[in-house]
Amino acid sequence: MRLLVTGGAGFIGSHIVDAALAKGWSVRVLDSLDPALHAGPPEFDPRVELLTGDVTDPDAVDRALEGMDTVCHQSAKVGLGVSFADAPDYIRNNDFATAVLLAAMERRAIPRLVLASSMVVYGEGAYTDSETGLPCRPGPRDEADLRAGIFDPRNPETGAVLIPAMVTEDAPLDPRNVYAASKLSQEHLAASWARSTGGSAVALRYHNVYGPRMPRDTPYAGVASLFRSALARGEAPRVFEDGAQRRSFIHVRDVAAANTAAAEALSGGGPGFRAYNFRAYNVGADEVHTIGDVARVLSEFGSGPMPVVTGEYRLGDVRHITASSERIKAELGWSPAVGFAEGMREFATAPLRGASR
């Protein structure tokens, strides 16, 4: 396979490059190497062809696609951002860049795309009503509840507190911030491209990814990185709300393996994979853990101060979102291999990327 990885010098992209090389694939990377994101030149295996360029630049993209047969699109602006003032940057780096890439793929007749999507497209996760046991979709949490320390969402009709469940790919999509809206737009663009050109696209909805090479000290990073960064400064991790927010923390090597499994399925079919034009998959861990769990084990494994549960909250945050990854297991033959304790023990002392935004 001849694979182009956009954003291949980044956190997840660099692990995908490693996984693809391990399979003997030919790998090319297109990355802007933005100095705000990269402290210095990346260190790549000499088998990797590195092209420096921005995915919003049609000429750079066209050069990068020459001779490729599959694209793994990881380049993006990630995280919840600082304020709505980030919106134009998200649209440029996520949606406009994806449109440029897909238009060039059509010109080059490249038929296969693996897209990095995110759990954020769901908004809140899945819930059941505590009184009826039936599925229930919550509305936004009420700030009066949050101020009172009632963090779980309620049934918008009855006011009953809801019970979290596992979210599947068929759940309603409800992006609740600019980043989420941009990721869902990427999915829609990929699906439209596939229908228009006869190509095939897989969107991998990553849940909470962590592991070596994660960026440090940035408001755009994941919570695990923020906790690690605090511990590296000798500070206690600060946990918002009551720390009981449920997530599916997934190791970056497992995410890389999901990408190579998707690329293989697009190329030749997976164990239960049919030739969909577009198919979305959750990529999350089998184990459900809380944000408080992550802070605690990182403090323990890193021999640092124990976390402080602050009770603070942000209105844009979701309470619980945990993945059912049964579809990707059945259709692509992927399953997570790195357990929570093993992965967090490694992450507690693994190097982080030194640059910050």
Side-chain angles (χ1 to χ4, degrees), residues 78-83 119-120 122-127 130 138-154 159-167 176-177 179 207-211 214-251 284-285 287-323 339-350 352 356:
V78 301
L80 296 182
V82 177
S83 73
M119 67 178 190
V120 296
Y122 297 115
E124 281 283 356
Y127 292 86
S130 56
R141 293 185 292 173
D142 188 273
E143 189 167 8
D145 275 349
L146 297 175
R147 286 197 303 266
I150 302 170
F151 298 115
D152 288 314
R154 297 179 183 270
V161 172
L162 300 178
I163 299 172
M166 304 295 274
V167 67
R176 296 191 175 188
N177 55 60
Y179 171 59
H207 284 247
N208 288 75
V209 187
Y210 72 95
M214 205 171 185
R216 73 168 78 218
D217 293 328
T218 164
Y220 301 90
V223 66
S225 174
L226 298 178
F227 292 161
R228 263 295 318 275
S229 297
L231 289 165
R233 297 190 300 268
E235 301 171 3
R238 293 177 59 82
V239 180
F240 279 18
E241 301 185 13
D242 58 359
Q245 307 94 308
R246 291 160 49 104
R247 299 288 189 270
S248 296
F249 288 93
I250 183 74
H251 195 278
E287 307 164 78
V288 172
H289 288 278
T290 68
I291 287 175
D293 290 339
V294 172
R296 177 182 52 80
V297 298
L298 288 176
S299 292
E300 291 175 353
F301 292 147
S303 302
M306 294 305 291
V308 175
V309 178
T310 68
E312 297 174 63
Y313 59 85
R314 296 183 299 185
L315 286 176
D317 286 351
V318 299
R319 176 61 172 173
H320 303 295
I321 180 163
T322 52
F340 181 77
E342 174 192 357
M344 288 293 171
R345 186 183 298 276
E346 176 199 33
F347 181 55
T349 57
L352 301 179
S356 63

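When a residue number appears, it is its place in the shown sequence, counting from 1.
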Separation between OH (Tyr313) and CZ (Arg319), nearest 0.5 Å, reads 13.5 Å
Can you check whether [X] reaches [Y] side chain to side chain, under 4.5 Å on heavy atoms?
{"X": "Phe227", "Y": "Arg238", "answer": "no"}
{"X": "Pro305", "Y": "Ser299", "answer": "no"}
{"X": "Leu298", "Y": "Leu231", "answer": "yes"}
{"X": "Val167", "Y": "Ile321", "answer": "yes"}
{"X": "Pro164", "Y": "Thr322", "answer": "no"}
{"X": "Leu226", "Y": "Pro237", "answer": "no"}

Hydrogens and angles aside, do Glu342 and His251 bring a side-chain donor and acceptor to less than 3.5 Å of each other?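 Result is no, nothing qualifies.
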Strictly distance-based, threshold 3.5 Å: is any side-chain N or O of [X] a donor or acceptor partner for the main-chain N or O of [Y]?
{"X": "Arg228", "Y": "Ala350", "result": "yes"}
{"X": "Ser225", "Y": "Met214", "result": "no"}
{"X": "Ser248", "Y": "Ala323", "result": "yes"}

Any idea which heavy atoms bring Phe151 and Gly311 closest together, and the distance?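 Looking at all heavy atoms of both residues, the closest pair is CZ-O, 3.9 Å.
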Asp293 vs Arg247, salt bridge (Lys or Arg N to Asp or Glu O under 4.0 Å): CA-CA, chis, key distance, verdict: CA-CA 10 Å; Asp293 290 339; Arg247 299 288 189 270; over 6 Å; no
What residue among Arg296, Gln245, Arg246 forms side-chain contact (heavy atoms from CB on, under 4.5 Å) with Ile291? Gln245
Verdict with supporting geometry, Glu241 and Arg141, salt bridge (Lys or Arg N to Asp or Glu O under 4.0 Å): CA-CA 13 Å; Glu241 301 185 13; Arg141 293 185 292 173; 2.8 Å; yes
For this output row, return yes or no: ring centroids of Phe249 and His289 closer than 6.0 angstrom. no
Could you walk me through whether Arg154 and Asp142 satisfy the salt bridge (Lys or Arg N to Asp or Glu O under 4.0 Å) test, starting with their C-alpha distance in whole Å, then the side-chain angles of each, then the deciding distance to 0.1 Å, before giving a yes or no? CA-CA 9 Å; Arg154 297 179 183 270; Asp142 188 273; over 6 Å; no
